[in-house]
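The structure presented is a predicted model; accordingly, all values stated were derived computationally and were not measured.
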Amino acid sequence: ELRAYVESILDQLDPQLVGTLHVELFDSPHLNAFCLPNGHIYINIGLLARLDNEAQLATVLAHEAAHFVHQHSAQQRNSADGAILVGTGVEILTGIPFSGSLLANSVMSSYSQAHESEADSDGYVRLSNAGYDPREAPKAFQKLLEEVEVLDIDQPFMFASHPKLEDRIASFEKLVADSGNPGGRVNEKEFQQRTGGLREVTLVRYLDMNNYQVLLLILEDPIRRERYAEHPDYFLGEAYRLRNEEGDETLAAAAFTQSIKTEPSYAPPYRSLGLLMMKQGRKREAIENLSTYLRLSPDAVDREYVEAYLRRLES
C-alpha cells in the first residue's frame with residue numbers, strides 16, 4: 001500500500017515514464033535512496049519517516065528520476081574503489097543487503113558535480129510541473145545533512161558526503177530564488193497519514209541499533225516529538241538511558257514518567273523505569289513498576305528475566 005502511494009507520486013513527476021520507473025521500499029532506518037540503471041528507485045522507510053510532506057518526498061524522487069533519465073550511472077567510469085566499498089559492507093552504509101559490481105558502479109560511486117547539478121535542475125522542473133511547492137526541496141536535503149552531522153558520517157550513502165549535501169541545498173535554494181515566488185501544494189496531511197505508522201517502527205529500529213544520537217536528534221525537538229510517534233517520551237527516555245552521561249538517568253526517568261502519564265496502559269516505560277529504579281537501589285518503586293509491566297504485558301518475551309529481577313528485589 002505504501003509502495004503504491006510513493007509510486008503514484010513518482011508517476012506524477014513524469015507521466016511518460018509510468019511503467020518504466022518503479023519504487024521499492026526497505027525496512028531500514030538509514031536515510032537512503034538511489035536509482036539503479038533498470039529504473040528501480042530504492043527508498044528506506046527511515047527516509048520516509050523523517051520527511052515532513054509529499055513535496056519533500058517528490059523532491060527526492062524527482063532527483064533520482066533525473067539521474068535515470070539522463071543515464072548518469074552509465075556515464076560513470078567503473079570504480080575499483082566502489083567495489084571495495086561493497087566488499088567491506090554496503091549494508092552497513094545503506095541499510096540494504098545488496099552486493100556486487102552493479103551496486104558498486106551504479107550507486108556507491110559518487111556522481112560528478114555536473115551530473116548532480118543536472119539532476120537538481122531537471123528534478124526542480126519536474127517538481128514544479130507536477131504542482132509541488134519547490135520551496136520544500138532544500139528542506140528535504142537539510143534533514144539528511146542534520147543526520148550526517150550528528151553521526152559524524154562522511155560516507156557515500158544517499159547523496160554522498162557533507163559537501164555534496166550542502167551543494168544540493170545551495171543548488172535548490174538558488175533554483176527557488178531564480179524562479180521568483182514559487183508556490184504549489186505540499187500535501188502534508190495526507191503524507192503524514194500515509195506514513196504515520198513508519199515513525200514508531202523507525203524509532204524501534206534506531207533503538208535496536210543503540211543509535212541514541214539519532215533518537216535524540218529527532219525527539220529532543222518538541223515539535224518533532226509531538227508528531228513523530230505515539231510514544232515519543234518512552235523512546236526519548238531510552239535514548240538518554242543509552243547515552244548514559246551525567247544527568248541522563250534523571251532525564252530518562254522524567255521521560256518515562258511522562259510517557260506513563262500520557263498513556264498509562266502502555267507497558268514498555270514501566271519496565272525501563274523499573275530497571276532504572278533497581279539500578280538506583282529504589283527497591284519499592286522498582287518492584288511496583290516491573291510488576292505493572294508484567295501485568296500490562298503478560299506475554300512479554302522477557303517475562304522470565306523480569307520475574308527473576310522481581311524475586312531478587314523481593315528477597
Side-chain angles (χ1 to χ4, degrees), residues 27-31 45-53 143 146-147 149-151 188-189 191-303 305-306 309-310 313:
D27 184 1
S28 168
H30 297 273
L31 271 63
I45 64 169
L47 178 57
L48 290 179
R50 291 290 299 282
L51 297 176
D52 294 328
N53 54 56
K143 289 181 179 296
E146 285 177 357
E147 186 151 323
E149 290 177 340
V150 77
L151 294 178
E188 180 176 358
K189 184 175 181 180
F191 178 83
Q192 294 292 338
Q193 289 175 341
R194 295 272 196 164
T195 61
L198 295 181
R199 307 195 198 292
E200 189 136 336
V201 171
T202 303
L203 295 183
V204 171
R205 299 292 180 269
Y206 282 130
L207 195 57
D208 290 342
M209 296 163 58
N210 291 335
N211 195 337
Y212 64 83
Q213 298 100 320
V214 176
L215 286 170
L216 291 174
L217 170 67
I218 296 169
L219 298 175
E220 282 192 321
D221 183 318
I223 296 175
R224 284 177 179 160
R225 187 164 69 249
E226 183 178 348
R227 74 168 182 80
Y228 208 84
E230 292 183 36
H231 310 103
D233 292 297
Y234 163 68
F235 290 99
L236 179 61
E238 287 290 85
Y240 288 132
R241 182 185 64 81
L242 287 171
R243 187 173 66 176
N244 197 31
E245 294 180 357
E246 185 177 353
D248 279 346
E249 285 190 7
T250 301
L251 293 171
F256 294 141
T257 301
Q258 181 59 44
S259 181
I260 290 170
K261 181 180 178 181
T262 301
E263 188 174 342
S265 62
Y266 182 55
Y270 291 99
R271 175 188 182 278
S272 297
L273 189 57
L275 294 177
L276 191 59
M277 297 297 100
M278 184 171 71
K279 180 181 177 182
Q280 296 176 351
R282 297 161 65 176
K283 295 183 180 181
R284 182 184 60 79
E285 293 162 285
I287 291 171
E288 180 181 337
N289 281 287
L290 292 176
S291 298
T292 302
Y293 168 70
L294 292 181
R295 177 174 58 79
L296 293 174
S297 184
D299 299 322
V301 295
D302 61 346
R303 185 176 188 87
Y305 290 102
V306 176
Y309 294 144
L310 283 169
L313 286 164

Name every donor-acceptor pair, under 3.5 Å, that has one atom in a side chain of residues 259-269 and the other anywhere in the protein, sequence neighbours excluded.
| residue | atom | partner | partner atom | Å |
| --- | --- | --- | --- | --- |
| Thr262 | OG1 | Gln258 | O | 2.9 |
| Thr262 | OG1 | Gln258 | NE2 | 3.2 |
| Glu263 | OE1 | His231 | NE2 | 2.9 |

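The side-chain heavy atoms of Leu276 and Gln280, taken from C-beta on, include a pair separated by under 4.5 Å. A 4.5 Å side-chain heavy-atom check between Asn244 and Tyr212 finds every atom pair outside the cut-off. Between Leu310 and Ile287, the closest side-chain pair of non-hydrogen atoms falls below 4.5 Å. When side chains are defined from C-beta on, Arg50 counts as touching Ile218, because their heavy atoms get closer than 4.5 Å. Side-chain contact between Arg271 and Phe256 is absent, with no heavy atoms from C-beta onward closer than 4.5 Å. Within the 4.5 Å cutoff, no side-chain heavy atoms of Val214 are placed close to those of Met209. The shortest distance between side-chain heavy atoms of Leu290 and Leu273 does not fall below 4.5 Å. No side-chain heavy atom of Leu48 sits under 4.5 Å from any side-chain heavy atom of Thr202.
A donor-acceptor pair shorter than 3.5 Å can be found between the side chains of Thr195 and Arg199.
Side-chain atoms of Gln192 never come within 3.5 Å of backbone atoms of Asn53 as a donor-acceptor pair (strictly under, hydrogens ignored). Side-chain atoms of Ser297 do not come within 3.5 Å of backbone N or O of Tyr293 as any donor-acceptor pair. One N or O on the side chain of Arg303 and one on the backbone of Pro298 form a donor-acceptor pair closer than 3.5 Å.
Note that CG of Leu198 and CG of Leu203 are 11.0 Å apart. Values are rounded to the nearest 0.5 Å. Annotation: the span from Arg243 atom CZ to Leu216 atom CG amounts to 5.0 Å, rounded to 0.5 Å. Atom CG of Asn289 and atom OG1 of Thr257 lie 8.0 Å apart (nearest 0.5 Å). How far CG of Leu51 is from CG of Leu31: 7.5 Å, rounded to the nearest 0.5 Å.
The pair Lys143-Glu146 does not count as a salt bridge, with every side-chain nitrogen at least 4.0 angstrom from each carboxylate oxygen.
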